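Comments concern the structure below.
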Amino acid sequence: MKNRQAGGSLIKLMLILLLLGAAVTVALRVVPGIYNYYILTDLADRVVGDYAKLDLTEVNKRVKFELHRTRIMIDDETFVINQTELGYRVYVDYLIPMDFMLGSYELVLDGHENLTLRYEAESL
């Protein structure tokens, strides 16, 4: 009787450790991505607020400096700056990949390959 209980406890412990490992794996991917997203939204707010009176080349220079300083690597479609009559409009479209490797097997949920975070800011 004791052996059956010990085996059940071991299976429960292994299941708990598996779920904890899965949660930590997801957190290690998502938390840094959300942090980068909030840095980008803060930069977008600065572009439409503090940089609204500057010309577009100077704004792009400052944005590139901030991205280099914070070591955020993005493409041209993630952070888009458009000039308006009152200043600038900034679109942030940040993707966090949600594909995970389990040994040599790639684990992806269909329809949930990326976590998409969007933000828009405009000068008033």
Side-chain angles (χ1 to χ4, degrees):
M1 191 73 150
K2 288 184 181 181
N3 290 338
R4 289 180 98 192
Q5 289 178 348
S9 296
L10 181 61
I11 291 173
K12 289 177 187 175
L13 179 64
M14 288 174 40
L15 184 61
I16 289 171
L17 290 176
L18 178 69
L19 291 174
L20 183 63
V24 168
T25 300
V26 171
L28 288 175
R29 173 78 53 97
V30 173
V31 171
I34 290 175
Y35 177 72
N36 288 345
Y37 168 74
Y38 282 111
I39 288 176
L40 291 173
T41 59
D42 180 61
L43 183 57
D45 289 336
R46 279 191 280 153
V47 167
V48 299
D50 299 340
Y51 305 162
K53 302 297 181 196
L54 300 174
D55 64 347
L56 188 58
T57 56
E58 181 64 26
V59 171
N60 284 329
K61 180 179 160 186
R62 290 181 184 209
V63 167
K64 285 181 183 179
F65 173 78
E66 285 296 321
L67 292 175
H68 178 71
R69 184 179 68 83
T70 56
R71 296 187 177 129
I72 297 177
M73 305 301 285
I74 57 173
D75 58 5
D76 293 337
E77 297 172 359
T78 301
F79 196 87
V80 179
I81 303 171
N82 293 326
Q83 197 162 13
T84 64
E85 293 178 4
L86 300 174
Y88 296 101
R89 178 180 293 143
V90 180
Y91 300 100
V92 177
D93 191 16
Y94 192 71
L95 300 175
I96 300 172
M98 297 299 289
D99 55 337
F100 301 98
M101 296 300 292
L102 186 61
S104 62
Y105 181 72
E106 184 178 19
L107 180 65
V108 180
L109 293 174
D110 289 336
H112 301 286
E113 292 85 11
N114 293 311
L115 176 63
T116 304
L117 303 170
R118 292 191 173 107
Y119 184 75
E120 181 179 338
E122 185 174 2
S123 299
L124 299 177

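Starting from 1, each residue takes its place in the sequence as its number. Predicted model only: the values in this text are computed from it and were never measured.
Smallest separation of non-hydrogen atoms from V92 and A44: CG2-CB, 4.1 Å. Of all the heavy atoms in T25 and F100, the pair that sits closest is CG2-CD2, 3.8 Å. Shown here for L86 and A52, the closest heavy-atom pair between the two residues is O-CB, 4.5 Å.
Without hydrogens or angle criteria, R29 side chain to D99 main chain gives a donor-acceptor distance under 3.5 Å. Distance alone, capped at 3.5 Å, places no donor-acceptor pair between the Y119 side chain and the Y38 backbone.
Using a 4.0 Å cut-off between charged nitrogen and carboxylate oxygen, R62 and E66 do not count as a salt-bridge pair.
When each of V90, I81, L124 is paired with V48, the side-chain contact (heavy atoms from CB on, under 4.5 Å) condition holds for V90 and for no other.
Between L95 and T78 the shortest side-chain heavy-atom distance does not fall below 4.5 Å. The shortest side-chain heavy-atom distance between L43 and R46 falls under the 4.5 Å cut-off.
If you check the side chains of D55 and T57, you find a donor sitting under 3.5 Å from an acceptor.
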Point to revise | side-chain contact (heavy atoms from CB on, under 4.5 Å) between L40 and L67, intermediate numbers included | key: CA-CA 8 Å; L40 291 173; L67 292 175; 3.6 Å; yes
**Study point:** CA sep, side-chain torsions, deciding dist, call: M98, V30, side-chain contact (heavy atoms from CB on, under 4.5 Å)
**Key:** CA-CA 8 Å; M98 297 299 289; V30 173; 3.8 Å; yes
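In this pair, Y37 and Y94 present their aromatic rings tilted. The plane angle is within the 30 to 60° band.
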